[in-house]
Amino acid sequence: MTTQTSTLPERVRVLVIGAGFAGLGAAIKLEEAGHADFLVIDKGESVGGTWRDNTYPGAACDVPSQLYSFSFAPNPNWSRSFSPQPEIHAYLQDVAQKSGVLDRFRFGVTVQDAAWDETDQAWTVVTSAGTVITDVLISGAGGLSEPKNPDIKGIDDFGGQIFHTARWDHDTDLTGKRVAIIGTGASAIQVIPEIAKTVGHLDVYQRTAPWVMPRHDRAYTGIERLGFKLVPGLQKLYRTAIYWGRETYVPGFVRAPKILTLAKTMALGNIKKGISDPDLQAKVTPDFAIGCKRILISNTYYPALAQDNVEVITDGIAEITPTGVVTRDGVSRDVDVLIVATGFHTTDQPIAHHIKGRDGRTLADVWSVGGMAQYKGTTTSGFPNLFQIVGANVGLGHSSMVFMIESQVNYIVSALQQMGAGQISSLEPTVEAQTEWSEDLHRRMQTTVWSTGGCASWYLDEHGRNTTLWPRTTFAFRQLLREFDIDKYVVTARSTAPTHSTEEKVAL
Ligand code: N01
């Protein structure tokens, strides 16, 4: 794909940060709605976001692609029900190419600072490629963009190869090597079965055993794929069936975790099927309620752990030395390569440190007090004309984030329509609206398995608040964001377009 790295325009109506599902989806829908004066910037070299960056062996989506894709861009060519990463990345590149918006994408551009200028009623965004003034700022930077490295004593002095799963080093050949992997989350359980085939020895450092259910994956038959191309509505039918199947998890997650008993039985059966050694079975059996952390899916993870060249270590890491890893029981294991599969900065999003609102404080400053809080996971009091896709409490543990992203994009486009029609220069949610929204979410959180399931997870921030997940059905989210509710906003009207001066505050 051609990458655009030329200089940036001085001013645009809308600046979008990030070219993953969120940024690309926003660009396409802005264009469709007639808001063509936008620019999308991304630090990488192509569209794709997390699906561009996570290239580790075995990377694949754990939501079926019929659902984990844009509703407006069905792909009849998915090779299987759960697509591998290269196919999803190729899909996004293809959608971008066909949509005709790529001429407004600039790659290799990093945001350094974005500050709201009350006088100009615009954002001044300083990037690695120059400064852009924009009326509206949309962040699609996502919660899974910045890898999180573990804070383990000695890790910086490790003398062998070391890399994070999200920054896989394809130049390092693992064949026959002594390898260690730290973490047993969503990425690790996909990597482990792949590399266990070729490494000499693999140490798996497990801090918490995850719940892993069977993965009902299969290749689509030729007939099915032909049907997807030729039979109107067939793909929609698959998508709808998958959507409602996934939605049945919601009551178990948010109201009555006991409903998840069947899932637990299947996950326990998955352990027994893959591992015959009772000691290893015990080691990998979780001690918290299923659903408390993300439920993982794999048919190959447990058999890989049972291989002779794989050891599961649960003693806890005391330190990393230049040659290997020392556990708390004093045992030292030398390795050539250390793979870090310890997740991302989710509740402490890096972009939040770069966006400064009306009073000069960054989003991170504001959130450092009570945790991430926004109105409808999209807008933030004190940050006019800022729209964040996949903001606070928009994440899911059971279904497609693309569905949530499309709901938010629809809301944002609706906001822009109303801003244009009403000659509005800026808007931000009222404090009351944002507080009411947050309080409702956190009241609902109390009965969820994420709060009651007895685990520590990245869903919770340092205050113990779940600021990442959506505690209701996805169709409720879609409904709530169906139209921009300007009556919940403080609006600044512009009396003489197109100047950029502050005019009058309008109470609606
Ligand atoms: O990260 P994780 P991930 N010492 O946070 C352990 C998405 N995703 O990159 O559980 C030792 O799940 C940590 O242990 P514990 C998906 O949303 C999607 O795997 O905290 N261990 C855990 O085992 C997912 O949820 C797909 O005790 C340490 C692991 O590292 C999100 O990305 C595929 C440690 C981190 O697991 C993140 O997944 C892949 C330490 N200091 C990822 N710190 C799809 O298919 C952390 N750990 C859509």
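If you read the sequence from its start, that first residue is 1, and numbering goes on from there. Values below: every heavy atom of this structure, side chains too, minus hydrogens, waters and symmetry copies.
Residues His345 and Pro147 share a closest heavy-atom pair of CD2-O, 3.4 Å.
Counting only distance, with no hydrogens or angles, the side chain of Thr342 and the backbone of Lys148 share a donor-acceptor pair below 3.5 Å. Listed for the Asn466 side chain is a donor-acceptor partner under 3.5 Å among the backbone atoms of Thr468. Gln66 contributes no side-chain N or O that, together with a main-chain N or O of Ile242, makes up a donor-acceptor pair within less than 3.5 Å. With hydrogens and angles disregarded, no donor-acceptor distance shorter than 3.5 Å links the side chain of Gln206 to the backbone of Val312.
Side-chain contact check for Arg478 and Ser407: at least one donor-acceptor pair (N or O, by modelled atom type) lies under 3.5 Å. Between the side chains of Ser399 and Tyr249, not a single donor N or O lies within less than 3.5 Å of an accepting N or O. Side chains of Ser46 and His89: a donor on one and an acceptor on the other come within 3.5 Å.
Cation-pi geometry between Arg104 and Phe38 is met: the NZ or CZ atom falls under 6.0 Å from the ring centre, inside 45° of the normal.
Looking only at side-chain heavy atoms (C-beta outward), Glu32 and Ile28 come within less than 4.5 Å of each other. Asn410 places none of its side-chain heavy atoms less than 4.5 Å from the side chain of Leu481. His35 has its side chain out of reach of Met419: every pair of non-hydrogen atoms, C-beta onward, lies at least 4.5 Å apart. Within the 4.5 Å cutoff, the side chain of Met266 has heavy atoms near those of the Pro214 side chain. Within the 4.5 Å cutoff, side-chain heavy atoms of Arg246 are placed close to those of Pro64. With contacts defined as side-chain heavy-atom distances shorter than 4.5 Å, the pair Lys229/Leu234 does not qualify. Pro210 is not listed as a side-chain neighbour of Lys293, based on a closest heavy-atom distance of 4.5 Å or more. Looking at Phe477 and Phe403, their side chains never come closer than 4.5 Å, going by heavy atoms from C-beta outward.
Ring geometry for Trp450 against Tyr459 counts as perpendicular: the plane angle is over 60°, on a 0 to 90° scale with 30° as the lower cut. Using bins of under 30°, 30° to 60° and over 60° for the plane-to-plane angle, the ring pair Phe70/Phe72 lands in the parallel bin. The aromatic rings of Phe228 and Tyr220 sit perpendicular, their planes meeting at an angle over 60°, well past the 30° parallel limit.
In this structure, Phe21 has its ring center under 6.0 Å from that of Tyr68. Aromatic ring centroids of Tyr411 and Phe387 lie 6.0 Å or more apart.
Using a 4.0 Å cut-off between a side-chain N of Lys or Arg and a carboxylate O of Asp or Glu, Asp440 and Arg444 qualify as a salt bridge.
Other residues, nucleotides and ligands contribute over 12 non-hydrogen atoms within 6.0 Å of the CZ atom of Arg80. Atom NZ of Lys264 has 12 or fewer heavy atoms from other residues, nucleotides or ligands within 6.0 Å. More than 12 heavy-atom neighbours from other residues, nucleotides or ligands sit within 6.0 angstrom of CG on Asp277.
In terms of the disulfide bond (SG atoms under 2.5 Å apart) criterion, residue partners of Cys455 (sequence neighbours excluded) are, by chain and number, Cys292. Legend: residues meeting side-chain contact (heavy atoms from CB on, under 4.5 Å) with Ser69, ordered by chain and number and at least two apart, are Trp78, Tyr91, Arg239.
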Evaluation steps, side chain to side chain donor-acceptor pair (under 3.5 Å), between Gln85 and Thr55: CA-CA 7 Å; Gln85 171 268 335; Thr55 61; 5.7 Å; no
Steps toward ring-ring contact (aromatic ring centres under 6.0 Å, His included) verdict (Trp470, Phe253): CA-CA 10 Å; Trp470 173 244; Phe253 280 134; over 10 Å; no
Evaluation steps, side chain to side chain donor-acceptor pair (under 3.5 Å), between Ser79 and Glu87: CA-CA 8 Å; Ser79 66; Glu87 241 178 86; 2.5 Å; yes
Evaluation steps, side chain to side chain donor-acceptor pair (under 3.5 Å), between Thr378 and Gln408: CA-CA 7 Å; Thr378 312; Gln408 289 189 279; 3.0 Å; yes
